[in-house]
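Each chain gets a letter, A, B and so on, in the order its sequence line appears, and its residues count up from 1. The figures here come from the full heavy-atom set of this structure, side chains too, leaving out hydrogens, waters and symmetry mates.
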Protein chains: 2
Amino acid sequence: MRDTGTRHKVVILGAGFSGLWAARTLAGGPCDVLVADRNNYHTFLPLLYQVAAAELESEQIGYPVRGIFRRAENVSFAMGEATALDPAARTLIVDGREIAYDTLIVALGSVTNFFGVPGADTHAFRLKSLEQAIYLRNHIMGCFEKAVSSKDPAEQRRLLTFTVVGGGPTGVEYAGALAELIRGPLAKDFPALIAGQARVVLFEAMDGVLYGFPDPLRKEALLALRRKGVQVFLGAQVEEVTQQYVRLKDGSNFLTETVAWTAGVKAHPLPARLGLTCAPNGRVLTDETLRVKGMPDIMAVGDICQIDGRPPLPMVAPAAIQLGRHAGQNVLRALKGKKQKAFTYRDKGSMATIGRGAAVVRFAGRSFTGFTAWALWLFVHLMYLVGFRNRLLVMVNWAWDYFLFERAVRLILPREGLWNKSSLDPEALNGQAAPKTPPQAP
Amino acid sequence: MRDTGTRHKVVILGAGFSGLWAARTLAGGPCDVLVADRNNYHTFLPLLYQVAAAELESEQIGYPVRGIFRRAENVSFAMGEATALDPAARTLIVDGREIAYDTLIVALGSVTNFFGVPGADTHAFRLKSLEQAIYLRNHIMGCFEKAVSSKDPAEQRRLLTFTVVGGGPTGVEYAGALAELIRGPLAKDFPALIAGQARVVLFEAMDGVLYGFPDPLRKEALLALRRKGVQVFLGAQVEEVTQQYVRLKDGSNFLTETVAWTAGVKAHPLPARLGLTCAPNGRVLTDETLRVKGMPDIMAVGDICQIDGRPPLPMVAPAAIQLGRHAGQNVLRALKGKKQKAFTYRDKGSMATIGRGAAVVRFAGRSFTGFTAWALWLFVHLMYLVGFRNRLLVMVNWAWDYFLFERAVRLILPREGLWNKSSLDPEALNGQAAPKTPPQAP
């Protein structure tokens, strides 16, 4: 189709921030670009927790990759997962099809890191994909429905205890959003005896939330969470997760039906399986120009990238975008016969929001809190959202939520039993255990 | 909670149009009302096909039942399915819990009728629930993605042949919407060689579409479908559906990956299993006041209702609404010691839309076509949509679609493999084969 066979062919694995920005940089360039992803859409991960808190609809933070590159003649898309790589032949197998490349950009991102905590892998909810967010949202709504029909107070309390593990930005934002969901719309929907029992508990192993933020912001975030009604447990190291409870290192048990795990991420396991050179932290080892060590035709960007001899980059959207853009630029430089440039990370600051009207922002060496921070947060996220239409709908939803304190998305859809929870594990889908054929009747 | 134990207790099974309108009629009345449904939301079924055509988001036609009755003090909700009924004791088992009633209103609606066509049950897609619509939408997008990566022209043609069985309103509307999806947004997203091969085929066993509409409207609908590019086969009786093809009575085979079955509906099988008196057509047999024959404490409304000695009512939303409202009114009459009234059906007309700007409407003895009909269709559907917010978002989406000819929802979400297709069969979930526990890891 678009592949003329003679132009330099760039294959990009992954349509997250880094893959997308690499492709955007190459759009219109003197090469053919193929973006491959297991999903046909890009997920705006910074707002994923709002889907899991029934605040946004899934379609509002997902955007079809083909739509993004509709006007880029040299960019095409293939839906599928890479299963094998032959660096010598410069070919890749994607869902059984052989794809040739001249340059391969690996942008596979990260997966949830359970740090080996027993039971977490099996019983905790992940927050790294739209499907996982929808699953978690459905589960929470289901807990409320079950609590209504239960006559056992202890069972009700367990069903209505929602725990979040990890006090980083995602954990803080999710706990805040959940607390607002429970105190707002669900309090209106459910009998007072039920809604009044619901609580959000946040476990953080360190002595404060938002590690890495300036101290005043960390304190402000903690206060804001507590004002929202979140029970924050500091120095609370989770040692075990079961179907029934979370057990801390101090021996205490929290009976809960819901454990949302936001305590950490690690490199996607696929690059290691494909045989790429990896650092001890599991990320792909590259030189300063983002070329994989010993494999000059392959580049690694985003969460997956570990530049040799440098400290690991933060696994956040701005870093991924910068890495993706830089890789694209280096490809263009190579095509023009120019020298490859070393990557330099520019720290754009960081931010976290705690429900309506509250946020903490570190930006340009300054700290912001409260409504100003929240407005900044809102502005940045809206500007980054891919595609105007999405932006408009997100704004309508937010405005609605903000003024009427109403949530839209409380549908339990699909129902329990229609999902296969274990297949929501991205690692399982990438490995040998992956269901290669859809569950069709014979 | 709200059940005082002394007031008359009405239990309504099903939150479709008839169940919802029965509950609305009883809201604020001198009784306690419990609405039970397997889903926690009401589905606006007349627009379901637009979800399956990637035109509307699922949340725009689903509305949480608790939200609808938030201000009705005497109406509560239970999520679950009835599994047993004891008419003598006036109790019902819903998901293992015993629920007592004084009056039971059965409003379980209808399921797809495959008329015993071999393979249809297994291989055809249903269009009776949000989950089924999402599944079908994902499947269609997946067919396009597979066609792009296939190198076999015959396989591509099969993947890009979308068949609709049944030329009633749903089949006509869905075929029209699919044709527009393919010729509009997908033609922009996919290479011309792919999009140009895609076709929509509609099979209708009779000599025209929209049986029951006035002849000029039937002709106009047929012309409109053909103008949109739908290949309409009249007198085409489907005899077999397989994974690979549809076979007609005349012996011809159509190779296709997608068969959307809209050829008919039949009464939900649950009432018969619960032991309710049923007519030969499977519907619950009632007297003129909608009381089930021989079971005066039980009423049946909506698609499930067959009034003894009368022709079957059309299985459409206006009839369901009238039946539900009438049952509610008869309950109120009984509580006031007044005489039960016989139900009278008022035919409000009928309508079907064929994509953008085209529709056929039969209303108040008159026929409308073209843009006037489409504007009428739009107005009626928007007015009926439950909840202002939904209405607003649907309008935003439609306006967008209409002016820019863009579709929003092209996400393949959840991915194939995460769904259990067989469990999307409502009958399977209601019978012994139902997965009673969620797929939790041990």
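- With values rounded to the nearest 0.5 angstrom, A:Asp189 atom CG is found 10.5 Å from B:Phe77 atom CZ.
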Apply side chain to side chain contact (heavy atoms under 4.5 Å, CB included) to residues A:Arg71 and B:Lys188 and explain how you reach the verdict. CA-CA 9 Å; A:Arg71 290 199 184 85; B:Lys188 290 183 206 162; over 6 Å; no
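- Between the CD1 atom of A:Ile134 and the OG atom of B:Ser58 there is a distance of 7.5 Å, given to the nearest 0.5 Å.
- For the atom pair B:Met79 CE and A:Met141 CE, the distance stands at 11.0 Å (nearest 0.5 Å).
- Put simply, CZ on A:Phe190 and OG on B:Ser76 are 11.5 Å apart, with the number rounded to the nearest 0.5 Å.
- Nearest approach of A:Pro185 to B:Arg70, heavy atoms of both residues: O-NH2, 3.5 Å.
- Of the charged side-chain nitrogens involved, at least one lies within less than 4.0 Å of a carboxylate oxygen, so that A:Glu59 and B:Arg137 count as a salt-bridged pair.
- In terms of heavy-atom pairs under 4.5 angstrom with chain B, the leader among A:Ala192, A:Gly96, A:Ser149 is A:Ser149.
- Checked for salt-bridge contact, A:Glu145 and B:Arg38 miss the test: no charged N lies under 4.0 Å from a carboxylate O.
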